[in-house]
Amino acid sequence: MRILITALALFFSAHVSAEPIEQLAPLAPFTGKTWRTVDGSVDGSENFSDISKWEWILHGRVMRITHSVGGGSYAGESLIHWDDVQGKIIYRYVTTAGFYTDGVITPVEGGIDVHEFIRGSKGGPTETLSGYRIENGQMHGWSKLLTDGVWSEANTFIYEEAPDAVPNID
(Lines give C-alpha, C1' and ligand atoms only; values in the text may rest on other atoms or scores of the structure.)
Protein backbone atom coordinates (compact mmCIF):
# COMPACT_ATOMS: atom_id res chain seq x y z
CA MET A 1 0.00 0.00 0.00
CA ARG A 2 2.80 2.40 0.91
CA ILE A 3 4.40 1.83 -2.51
CA LEU A 4 1.11 2.64 -4.27
CA ILE A 5 0.68 5.88 -2.29
CA THR A 6 4.28 6.89 -3.01
CA ALA A 7 3.85 6.12 -6.72
CA LEU A 8 0.64 8.17 -6.89
CA ALA A 9 2.27 11.08 -5.06
CA LEU A 10 5.20 11.04 -7.48
CA PHE A 11 2.86 10.81 -10.47
CA PHE A 12 0.78 13.79 -9.37
CA SER A 13 3.76 15.91 -8.29
CA ALA A 14 5.36 15.36 -11.70
CA HIS A 15 2.22 16.79 -13.33
CA VAL A 16 2.04 19.94 -11.17
CA SER A 17 3.88 22.87 -12.66
CA ALA A 18 4.94 26.16 -11.14
CA GLU A 19 5.84 27.30 -14.65
CA PRO A 20 3.31 29.14 -16.79
CA ILE A 21 2.07 28.09 -20.17
CA GLU A 22 3.85 29.97 -22.96
CA GLN A 23 1.11 32.58 -23.44
CA LEU A 24 1.27 33.61 -19.76
CA ALA A 25 5.09 33.75 -19.58
CA PRO A 26 5.09 37.61 -19.65
CA LEU A 27 3.47 37.50 -16.18
CA ALA A 28 6.30 35.41 -14.69
CA PRO A 29 8.37 38.34 -13.29
CA PHE A 30 5.41 39.37 -11.10
CA THR A 31 4.35 35.90 -10.01
CA GLY A 32 5.41 33.74 -7.10
CA LYS A 33 5.68 36.83 -4.92
CA THR A 34 3.69 38.78 -2.40
CA TRP A 35 3.85 42.55 -2.93
CA ARG A 36 3.09 45.40 -0.51
CA THR A 37 2.88 49.09 -1.26
CA VAL A 38 6.02 51.02 -0.35
CA ASP A 39 5.62 53.23 2.74
CA GLY A 40 2.65 51.06 3.69
CA SER A 41 0.03 52.39 1.36
CA VAL A 42 -1.45 53.72 -1.81
CA ASP A 43 -2.27 57.09 -0.23
CA GLY A 44 0.60 57.45 2.28
CA SER A 45 -1.17 56.12 5.38
CA GLU A 46 -0.67 52.68 6.88
CA ASN A 47 -4.46 52.25 7.04
CA PHE A 48 -4.55 51.64 3.33
CA SER A 49 -1.63 49.22 2.97
CA ASP A 50 -2.17 47.27 -0.25
CA ILE A 51 -0.98 43.64 -0.26
CA SER A 52 -1.24 41.34 -3.27
CA LYS A 53 -0.11 37.75 -3.72
CA TRP A 54 0.56 36.60 -7.30
CA GLU A 55 0.68 32.82 -7.85
CA TRP A 56 0.38 30.17 -10.54
CA ILE A 57 -2.47 27.71 -10.20
CA LEU A 58 -3.95 24.94 -12.35
CA HIS A 59 -0.59 23.77 -13.69
CA GLY A 60 0.50 27.23 -14.83
CA ARG A 61 -2.62 27.73 -16.94
CA VAL A 62 -4.00 30.39 -14.58
CA MET A 63 -2.50 33.11 -12.44
CA ARG A 64 -4.37 34.06 -9.27
CA ILE A 65 -3.93 37.38 -7.49
CA THR A 66 -5.40 37.75 -4.01
CA HIS A 67 -5.39 41.33 -2.85
CA SER A 68 -6.44 43.34 0.20
CA VAL A 69 -6.28 46.93 1.36
CA GLY A 70 -6.44 48.16 4.94
CA GLY A 71 -6.05 44.73 6.52
CA GLY A 72 -9.04 43.40 4.59
CA SER A 73 -11.45 46.34 4.73
CA TYR A 74 -11.45 45.90 0.94
CA ALA A 75 -10.33 42.76 -0.88
CA GLY A 76 -10.52 40.99 -4.19
CA GLU A 77 -9.33 38.10 -6.27
CA SER A 78 -8.31 37.91 -9.92
CA LEU A 79 -8.11 34.83 -12.12
CA ILE A 80 -6.00 35.45 -15.22
CA HIS A 81 -5.78 33.06 -18.16
CA TRP A 82 -5.16 32.76 -21.88
CA ASP A 83 -8.24 32.85 -24.12
CA ASP A 84 -7.65 30.89 -27.34
CA VAL A 85 -10.72 32.37 -29.04
CA GLN A 86 -9.70 36.00 -28.46
CA GLY A 87 -5.97 35.29 -28.60
CA LYS A 88 -5.50 37.42 -25.47
CA ILE A 89 -4.69 37.22 -21.78
CA ILE A 90 -7.98 37.93 -20.00
CA TYR A 91 -9.16 38.01 -16.42
CA ARG A 92 -11.98 38.64 -14.00
CA TYR A 93 -11.49 40.50 -10.72
CA VAL A 94 -14.19 40.13 -8.04
CA THR A 95 -14.30 42.30 -4.93
CA THR A 96 -15.76 42.52 -1.46
CA ALA A 97 -17.26 45.86 -2.56
CA GLY A 98 -19.78 44.01 -4.75
CA PHE A 99 -18.45 45.00 -8.17
CA TYR A 100 -16.25 43.05 -10.54
CA THR A 101 -14.12 43.82 -13.56
CA ASP A 102 -13.32 42.06 -16.80
CA GLY A 103 -10.04 42.92 -18.42
CA VAL A 104 -7.36 42.30 -20.99
CA ILE A 105 -3.64 42.18 -20.18
CA THR A 106 -1.19 43.13 -22.92
CA PRO A 107 2.50 42.28 -22.57
CA VAL A 108 4.74 45.28 -23.31
CA GLU A 109 8.47 45.91 -23.09
CA GLY A 110 9.43 45.41 -19.45
CA GLY A 111 5.96 44.62 -18.13
CA ILE A 112 2.24 44.57 -18.79
CA ASP A 113 -0.55 47.01 -19.58
CA VAL A 114 -4.10 46.38 -18.41
CA HIS A 115 -7.49 47.61 -19.67
CA GLU A 116 -10.47 46.69 -17.52
CA PHE A 117 -14.20 47.30 -17.59
CA ILE A 118 -15.98 47.77 -14.26
CA ARG A 119 -19.30 45.93 -13.84
CA GLY A 120 -21.90 46.01 -11.08
CA SER A 121 -20.90 49.35 -9.59
CA LYS A 122 -23.57 51.87 -8.65
CA GLY A 123 -21.40 54.81 -9.65
CA GLY A 124 -17.84 55.91 -10.10
CA PRO A 125 -15.45 54.77 -12.78
CA THR A 126 -16.52 52.48 -15.62
CA GLU A 127 -13.05 51.62 -16.99
CA THR A 128 -9.43 51.65 -15.90
CA LEU A 129 -6.12 51.67 -17.72
CA SER A 130 -3.00 50.65 -15.84
CA GLY A 131 0.51 49.39 -16.30
CA TYR A 132 3.01 47.45 -14.23
CA ARG A 133 6.79 47.16 -14.59
CA ILE A 134 9.49 45.51 -12.48
CA GLU A 135 12.36 47.94 -11.80
CA ASN A 136 15.17 47.35 -9.30
CA GLY A 137 13.22 44.57 -7.59
CA GLN A 138 10.13 46.74 -7.13
CA MET A 139 6.82 46.71 -8.97
CA HIS A 140 6.06 50.18 -10.33
CA GLY A 141 2.55 50.93 -11.50
CA TRP A 142 0.23 53.60 -12.75
CA SER A 143 -3.54 53.75 -13.25
CA LYS A 144 -6.14 56.02 -14.79
CA LEU A 145 -9.91 55.90 -14.27
CA LEU A 146 -12.69 56.71 -16.74
CA THR A 147 -15.55 58.44 -14.91
CA ASP A 148 -18.43 60.16 -16.72
CA GLY A 149 -16.49 59.95 -19.98
CA VAL A 150 -13.37 61.69 -18.61
CA TRP A 151 -10.01 60.00 -17.90
CA SER A 152 -8.30 60.95 -14.66
CA GLU A 153 -4.65 61.88 -14.37
CA ALA A 154 -2.41 58.86 -13.83
CA ASN A 155 -1.97 57.75 -10.23
CA THR A 156 1.41 56.09 -9.58
CA PHE A 157 2.37 53.55 -6.94
CA ILE A 158 5.28 51.31 -5.98
CA TYR A 159 5.22 47.86 -4.41
CA GLU A 160 8.08 45.88 -2.93
CA GLU A 161 8.34 42.19 -2.18
CA ALA A 162 6.93 41.29 1.23
CA PRO A 163 7.29 37.50 1.63
CA ASP A 164 5.69 37.48 5.11
CA ALA A 165 2.68 39.65 4.18
CA VAL A 166 -0.67 37.91 3.72
CA PRO A 167 -3.67 39.45 1.96
CA ASN A 168 -6.77 39.30 4.15
CA ILE A 169 -9.55 38.19 1.79
CA ASP A 170 -11.96 36.77 4.37
Side-chain angles (χ1 to χ4, degrees), residues 14-39 41-43 48-69 74-95 97 99-121 124-147 149-163 165-167 169:
H15 289 85
V16 174
S17 172
E19 297 297 317
I21 61 171
E22 178 183 347
Q23 297 89 336
L24 298 181
L27 303 174
F30 302 93
T31 309
K33 299 175 174 80
T34 300
W35 301 94
R36 179 177 30 222
T37 45
V38 172
D39 296 328
S41 76
V42 172
D43 73 350
F48 291 98
S49 181
D50 186 346
I51 298 170
S52 62
K53 180 178 180 180
W54 299 47
E55 61 188 326
W56 296 118
I57 61 171
L58 303 177
H59 309 291
R61 301 190 68 73
V62 176
M63 186 179 70
R64 175 174 47 207
I65 302 172
T66 50
H67 151 78
S68 69
V69 176
Y74 169 84
E77 183 168 333
S78 298
L79 294 177
I80 301 166
H81 62 94
W82 177 255
D83 185 299
D84 278 330
V85 174
Q86 296 182 55
K88 297 177 181 178
I89 300 171
I90 64 170
Y91 70 95
R92 175 157 288 178
Y93 171 57
V94 294
T95 72
F99 69 88
Y100 66 96
T101 70
D102 291 313
V104 175
I105 296 174
T106 305
V108 296
E109 182 67 33
I112 57 174
D113 285 345
V114 179
H115 185 188
E116 61 187 327
F117 300 89
I118 300 168
R119 317 273 194 226
S121 177
T126 55
E127 292 181 48
T128 67
L129 294 173
S130 57
Y132 300 88
R133 312 289 186 269
I134 302 294
E135 299 173 16
N136 300 319
Q138 295 178 316
M139 180 171 55
H140 292 249
W142 60 269
S143 66
K144 295 167 68 169
L145 306 173
L146 179 65
T147 306
V150 178
W151 286 101
S152 68
E153 293 294 319
N155 177 36
T156 61
F157 40 87
I158 299 172
Y159 291 79
E160 55 192 5
E161 287 188 59
V166 178
I169 59 171

Do we see a donor-acceptor contact under 3.5 Å between the side chains of Glu127 and His115? yes
Is there a donor-acceptor contact under 3.5 Å from the side chain of Asp83 to the main chain of Val85? yes
Do Val114 and Tyr93 make a side-chain contact, defined as non-hydrogen atoms from C-beta onward lying under 4.5 Å apart? no
Can you name the one residue among Trp54, Trp56, Tyr159 that meets ring pair (Phe, Tyr, Trp, His ring centres under 6.0 Å) with Phe30? Trp54
Non-hydrogen side-chain atoms of Leu146 and Pro125 separated by less than 4.5 Å: no
Looking at side-chain heavy atoms only, is the closest gap between Trp35 and Tyr132 below 4.5 Å? no
From NE2 (His140) to OG1 (Thr156), nearest 0.5 Å: 10.0 Å
Is there a side-chain contact between Thr106 and Ile89 in this structure, where contact means two heavy atoms from C-beta onward sitting under 4.5 Å apart? no
Within a 6.0 Å radius of atom CD on Glu153, are there more than 12 heavy atoms belonging to other residues, nucleotides or ligands? no
Evaluate the side-chain proximity of Met63 to Ile57: yes if any heavy-atom separation is below 4.5 Å, no if none is. no
Any chance you could measure Ile51, atom CD1, to Ile169, atom CD1, to the nearest 0.5 Å? 12.0 Å
Are the side chain of Thr37 and the backbone of Asp50 linked by a donor-acceptor contact shorter than 3.5 Å? yes
Taking the side chain as every heavy atom from C-beta outward, state whether Ile65 and Tyr91 have any atom pair closer than 4.5 Å. no
Evaluate the side-chain proximity of Ile105 to Ile80: yes if any heavy-atom separation is below 4.5 Å, no if none is. yes
Take Thr126 and Phe117 through the test side chain to side chain contact (heavy atoms under 4.5 Å, CB included) and record every step on the way to the result. CA-CA 6 Å; Thr126 55; Phe117 300 89; over 6 Å; no
Ser143 side chain reached by Phe157 side chain, heavy atoms, under 4.5 Å: yes
Does any N or O in the side chain of Arg133 come within less than 3.5 Å of the main-chain N or O of Ile112, such that one atom is a donor and the other an acceptor? yes
Dump the intermediate steps for salt bridge (Lys or Arg N to Asp or Glu O under 4.0 Å) on Asp102 and Arg92, then the final yes or no. CA-CA 5 Å; Asp102 291 313; Arg92 175 157 288 178; 2.7 Å; yes
More than 12 heavy atoms of other groups within 6.0 Å of Arg61 CZ: no
Flag, side chain of Lys88 to backbone of Asp84, donor-acceptor distance under 3.5 Å: no
Rounded to the nearest 0.5 angstrom, the OG-CZ distance for Ser68 and Arg36 is 10.5 Å
Strictly by modelled atom types, are Thr128 and Glu116 linked by a side-chain donor-acceptor pair under 3.5 Å? yes
